**Q** 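Got a structure for you, written out below as structure tokens; questions coming shortly.
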Amino acid sequence: MCERAELLQALNVLLQPERFKDYSPNGLQVEGRARVGKIVSGVTASRALIEAAIGAQADTIFVHHGLFWRGQDGCVTGWMKQRLALLLAHDINLFAYHLPLDAHPMLGNNAQLGLQLGWVAQARFGEQDLGFLGQRADGLSYESAQSLVAHIQVALGRPVVLVGDQNKVIRKIAWCSGGAQGYFEAALATGADAFITGEISEPQAHYARECGVAYLACGHHASERYGAPAVATHIAAQLGLAHEFIDIDNPA
């Protein structure tokens, strides 16, 4: 067990939210018990995750996507009421870290996605240095963009959308998890052979076809499953807490 304030301090020291310009509040979003003993980590603070955490007898939830975002109308109705009612009724703390969790050089979403896919980062790119640039850890190339797709599909267990030259040899890889399609032009500027993210929007398909850089969309949720459990595992070990990762399936 530890104090909630001690957990918050440890997370802030690790993830340094003050460094980021974000559109979600980072840190403690919903206050629960003052003393904590078990963390459930997940990608999104959905009702399904909250219910699973209650079933797991957790007093704390740690996620990448919290409840509050810039531009919301602020009304506690519908799905927001349902999620908050569960958290408050069971006195559960909700911690959420958005861009700080993407960016951490070892435990963040991008670092852990690279580890999952067998890549080593050599540089950063894009706004707030969220994008990672590197290559295969073994130093080899992918013989084609299609072979890279096959590798990612096996590693992440889901289909991948590929736009661009399927036969292009891939050595230099740029990646940024989640909805980072806006980072594609910054990835092009690095000289990358391929850009991997979670989603694709209409303009990027044309850019990929015209610029000769393969664009791979492997799923927002699928690309961000790894940072939250990595951070929670680290912090739980540091503070002597129990931890369980619960992955709520999401096709997006």
Side-chain angles (χ1 to χ4, degrees), residues 3-5 7-9 11-12 15-36 38-104 108-109 127-128 130 176-183 197-203 217 219-225 227-229 231-232 235 244-252:
E3 297 297 320
R4 180 185 59 238
L7 173 57
L8 177 59
Q9 181 182 21
L11 287 167
N12 283 340
L15 296 174
Q16 301 178 9
E18 69 280 357
R19 292 179 48 232
F20 297 90
K21 183 180 179 182
D22 212 336
Y23 40 96
S24 171
N26 292 298
L28 181 64
Q29 289 196 349
V30 178
E31 185 176 286
R33 298 170 207 171
R35 286 186 61 78
V36 299
K38 181 175 182 179
I39 303 172
V40 157
S41 64
V43 178
T44 299
S46 64
R47 189 175 73 181
L49 179 66
I50 296 168
E51 290 172 340
I54 293 166
Q57 299 185 309
D59 46 52
T60 300
I61 297 173
F62 175 80
V63 295
H64 180 47
H65 302 134
L67 292 183
F68 307 108
W69 302 91
R70 186 186 304 158
Q72 286 178 325
D73 62 15
C75 297
V76 182
T77 59
W79 62 268
M80 178 65 84
K81 179 201 169 184
Q82 293 167 15
R83 296 183 193 182
L84 279 172
L86 285 170
L87 290 168
L88 296 173
H90 293 271
D91 211 15
I92 295 175
N93 296 289
L94 174 65
F95 290 87
Y97 289 81
H98 186 233
L99 296 184
L101 185 58
D102 287 321
H104 193 275
N109 282 322
E127 187 179 356
Q128 302 190 78
L130 294 179
C176 193
S177 67
Q181 53 267 56
Y183 278 63
T197 187
E199 303 176 6
I200 185 167
S201 298
E202 197 272 350
H220 193 132
H221 178 88
S223 68
E224 295 190 330
R225 280 191 302 225
V231 167
I235 291 293
E244 179 180 352
F245 173 59
I246 298 178
D247 189 22
I248 303 299
D249 180 62
N250 188 329

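Just so you know, these numbers come straight off a predicted model, no measurement behind them.
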**Q** Please say which of N93, V40, I39 ends up in a side chain to side chain contact (heavy atoms under 4.5 Å, CB included) with F62.
**A**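 The option that passes is I39.
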
**Q** Report yes if the side chains of S223 and N109 come closer than 4.5 Å at any heavy-atom pair, otherwise no.
**A**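 No, every pair of side-chain atoms sits at 4.5 Å or beyond.
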
**Q** Hey, could you give me the CG/NZ distance between L86 and K81, rounded to the nearest 0.5 Å?
**A**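 L86 atom CG to K81 atom NZ measures 10.5 Å (nearest 0.5 Å).
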
**Q** Around atom CZ of R35, are there more than 12 heavy atoms from other residues, nucleotides or ligands closer than 6.0 Å?
**A**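 Yes, enclosed.
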
**Q** Sequence neighbours excluded, which residues qualify as side chain to side chain donor-acceptor pair (under 3.5 Å) partners of S46?
**A**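 Once residues adjacent in sequence are excluded, S46 has no partner under the side chain to side chain donor-acceptor pair (under 3.5 Å) criterion.
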
**Q** Hey, could you give me the CG/CG distance between L49 and N250, rounded to the nearest 0.5 Å?
**A**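 If we round to the nearest 0.5 Å, L49:CG and N250:CG are 12.0 Å apart.
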
**Q** Apply side chain to side chain contact (heavy atoms under 4.5 Å, CB included) to the pair I200 and Q181, showing each step before the final yes or no.
**A** CA-CA 6 Å; I200 185 167; Q181 53 267 56; 5.6 Å; no

**Q** Just checking H98 against Y23, ring centres under 6.0 Å apart?
**A**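 Ring-ring flag for H98/Y23: true, centres closer than 6.0 Å.
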
**Q** Do R4 and E31 sit within salt-bridge range, that is, some charged N less than 4.0 Å from a carboxylate O?
**A**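 E31 and R4: salt-bridged.
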
**Q** Indicate the atoms forming the closest heavy-atom contact of I246 with A52, along with that distance.
**A**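 Residues I246 and A52, closest heavy atoms: CD1-CB, 3.7 Å.
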
**Q** Which heavy atom of A45 sits nearest a heavy atom of I50, and at what distance?
**A**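 Shortest heavy-atom separation between A45 and I50 comes out as O-CD1, 4.1 Å.
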
**Q** Keeping the roles fixed (side chain from R83, backbone from G78), state whether a donor-acceptor pair exists under 3.5 Å.
**A**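 Here the side-chain-to-backbone pair does not exist.
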
**Q** Decide yes or no for D247 and P229: does some side-chain heavy atom of the first lie under 4.5 Å from some side-chain heavy atom of the second?
**A**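 Heavy-atom side-chain distance check fails, nothing below 4.5 Å.
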
**Q** So how far is it from D91 CG to D59 CG, rounded to the nearest 0.5 Å?
**A**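 That separation rounds to 9.0 Å.
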
**Q** Can you name the nearest heavy-atom pair linking L67 to Q72, along with the distance?
**A**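 Closest approach of L67 to Q72, heavy atoms only: O-NE2, 3.0 Å.
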
**Q** Using the rule side chain to side chain contact (heavy atoms under 4.5 Å, CB included), only one of T44, V231, D102 pairs with H64; which is it?
**A**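 For H64, the side chain to side chain contact (heavy atoms under 4.5 Å, CB included) test succeeds with only one of T44, V231, D102, which is D102.
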
**Q** Do the non-hydrogen side-chain atoms of N12 and Y97 ever get within less than 4.5 Å of each other?
**A**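 A side-chain contact exists here, since the closest heavy-atom pair is under 4.5 Å.
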
**Q** Can you check whether V30 reaches L88 side chain to side chain, under 4.5 Å on heavy atoms?
**A**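 A side-chain contact under 4.5 Å exists here.
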
**Q** Which pair of non-hydrogen atoms, one from R19 and one from Q128, has the smallest distance, and what is that distance?
**A**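 Where R19 meets Q128 most closely, the heavy atoms are O-OE1, 4.2 Å.
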
**Q** Look at atom CD of Q9 and say whether more than 12 heavy atoms of other residues, nucleotides or ligands are closer to it than 6.0 Å.
**A**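 At most 12 heavy atoms, drawn from other residues, nucleotides or ligands, come within 6.0 Å of this atom.
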
**Q** In sequence, state the C-alpha distance, the side-chain angles, and the governing distance for L130 and F20, and then conclude on side chain to side chain contact (heavy atoms under 4.5 Å, CB included).
**A** CA-CA 10 Å; L130 294 179; F20 297 90; 4.2 Å; yes

**Q** Using 0.5 Å steps for rounding, measure from the NE2 atom of H220 to the CD atom of E199.
**A**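 If we round to the nearest 0.5 Å, H220:NE2 and E199:CD are 5.5 Å apart.
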
**Q** Write down the atom of A228, the atom of G42, and the distance for their closest heavy-atom approach.
**A**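 Scanning both residues completely, I find the closest heavy atoms to be CB-O, 3.4 Å.
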
**Q** Using modelled atom types only, decide if a donor and an acceptor are shared between the side chain of K38 and the backbone of A56 within a distance under 3.5 Å.
**A**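 At least one qualifying donor-acceptor pair exists.
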
**Q** Side chains of H221 and D249: is there a donor and an acceptor less than 3.5 Å apart?
**A**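 Result is no, nothing qualifies.
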
**Q** Decide side chain to side chain contact (heavy atoms under 4.5 Å, CB included) for V63 and L94; before the verdict, give the C-alpha distance in whole Å, the side-chain angles of both, and the deciding distance to 0.1 Å.
**A** CA-CA 8 Å; V63 295; L94 174 65; 3.9 Å; yes

**Q** Y183 versus T197: any side-chain heavy-atom pair under 4.5 Å?
**A**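 The answer is no; the side chains never approach within 4.5 Å.
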
**Q** So, for Q29 and S24, which heavy atoms are closest and what is the spacing to 0.1 Å?
**A**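 In this case the closest contact between Q29 and S24 is NE2-OG, 3.6 Å.
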
**Q** Heavy-atom count around E127 CD within 6.0 Å, excluding the residue itself: above 12?
**A**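 Check fails, neighbour count at 12 or below.
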
**Q** Output the distance between atom CG (L99) and atom CG (N26), rounded to the nearest 0.5 Å.
**A**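 It is 7.0 Å, given to the nearest 0.5 Å.
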
**Q** Would you compute the distance between atom CD1 of I92 and atom CD1 of I54 and round it to the nearest 0.5 angstrom?
**A**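 CD1 of I54 is found 4.5 Å from CD1 of I92.
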
